[in-house]
Amino acid sequence: MSDSNEKKIIIAIDGYSSCGKSTVAKEIAKKLNYVFIDSGAMYRAVTLFCLRNGLVAGGTVNLTKLPEKLESVHITFAFNPATAHNDIFLNGENVETEIRQLAVAQNVSQIAAIADVRRLMVAQQQEMGRTKGIVMDGRDIGTVVFPEAELKIFMTADAKIRAQRRYDEMIAKNEKVDFQEILKNITDRDRFDETRDESPLRRAEDAIVLDNSHMTREEQFEWILGKVEEKIKKHG
Ligand code: CDP
């Protein structure tokens, strides 16, 4: 599978909030020795930039100032051997922890809906996939970023199950959380992502649906790996 003569493909994983896309995408990339890119982290990094530069006031983005400021946003990834994670850097600063803050989560969907932001991110994402051998997860990877991707997966799961998983994760980190609040955040973000004008979340016609509501992490990993093997055989 990691034979260097084997033809490398592009794997696009899209889907709803909190259904474990990044977790499985990272595992698949590791197994194949491919690059893993969490495109959501890129939108989160732009959001952090906007918050730090006073471009968000009272929950509203300053659309007049944003385009010129965006020119100074440079996002890169670098592998962190200590955590085996591809950390994200905003203008040279590791912002892996900061982008997971609540303030970022609360504003990211709004910023990800702005056409100028998407243009910039999509161009960078396409450049990252130029030599293939990449697994990228997000909302528009199979539809806009890599419409020619050899393998497209569309992940979904019952909203209550997704909320329960996120709730358990936060409880394990000793965070004080309310189940109904998490469920509302997940369903609100889904609705926002699906109904926006710019690159809305939708399944690409040639994407394979994976509903992982009743699957373990191992089962879904094996399921995707099976699809990857079929595609590599076909395209190799
Ligand atoms: O919390 P979760 O891991 O589900 O979200 P994320 O992947 O970190 O993405 C954060 C937000 O960025 C999403 O809710 C979308 O609004 C936006 N996003 C997007 O518009 N397009 C992408 N390709 C990836 C994320």
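As the structure lists them, so they are numbered: ligands from 1, and atoms in each ligand from 1.
- Remark: ligand 1 and Y16 share no N or O pair separated by less than 3.5 Å (distance only, no angle test).
- Tracing side-chain contacts under 4.5 Å through hydrophobic residues (I, L, V, M, F, W, Y), one reaches I11 starting from V24; they form part of the same cluster.
- Looking only at heavy atoms of the protein, atom 16 (O) of ligand 1 is closest to D193 OD1, 2.7 Å.
- Comment: E229 does not engage K234 in a salt bridge, judged by the lack of any side-chain N to carboxylate O separation of less than 4.0 angstrom.
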Return a table of donor-acceptor pairs under 3.5 angstrom between the side chains of residues 101-114 and protein atoms on other chains or two or more places apart.
| unit_1 | atom_1 | unit_2 | atom_2 | d |
| --- | --- | --- | --- | --- |
| N107 | ND2 | A103 | O | 2.8 |
| Q110 | OE1 | V61 | N | 3.4 |
| Q110 | NE2 | G59 | O | 2.8 |

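- Between Y43 and ligand 1, no N or O atom pair is found at a separation short of 3.5 Å.
- The protein atom (non-hydrogen) at minimum distance from atom 17 (C) of ligand 1 is A112 CB, 3.7 Å.
- Annotation: atom 12 (O) of ligand 1 to nearest protein heavy atom, V108 CG2, 3.6 Å.
- The shortest N or O to N or O distance between S17 and ligand 1 is not under 3.5 Å.
- What sits closest to atom 8 (O) of ligand 1 on the protein, heavy atoms only, is R44 NE, 2.6 Å.
- Contact check on R130 versus E127 returns a salt bridge, with a Lys/Arg side-chain nitrogen under 4.0 Å from an Asp/Glu carboxylate oxygen.
- By the criterion of a heavy-atom distance under 4.0 Å, neither the backbone nor the side chain of M121 is placed next to ligand 1.
- The closest approach between R196 and ligand 1 falls below 4.0 Å for a heavy atom of the residue.
- By the neighbour-count criterion of 12 heavy atoms within 6.0 Å, atom CD of E198 is densely surrounded, having more than that number from other residues, nucleotides or ligands.
- Using a 4.0 Å heavy-atom cutoff, S18 is listed among the residues neighbouring ligand 1.
- Regarding atom 7 (O) of ligand 1, its nearest protein heavy-atom neighbour is R139 NH1, 3.5 Å.
- Atom CD of E205 has 12 or fewer neighbouring heavy atoms from other residues, nucleotides or ligands inside a 6.0 Å radius.
- With respect to atom 3 (O) of ligand 1, the closest heavy atom belonging to the protein is R166 NH2, 4.2 Å.
- With K152 as the partner, the salt bridge (charged side-chain N to carboxylate O under 4.0 Å, His left out) test is satisfied by one option alone out of D206, D140, D14: D206.
- From I13, atom CD1 reaches atom CD1 of I37 across 13.0 Å, with rounding to the nearest 0.5 Å.
- Remark: ligand 1 and D137 share no N or O pair separated by less than 3.5 Å (distance only, no angle test).
- Protein heavy atom at the shortest distance from atom 24 (C) of ligand 1 is S39 OG, 3.4 Å.
- Shortest contact from atom 14 (O) of ligand 1 to any protein heavy atom: R189 NH1, 2.9 Å.
- At least one heavy atom of R118 sits less than 4.0 Å from an atom of ligand 1.
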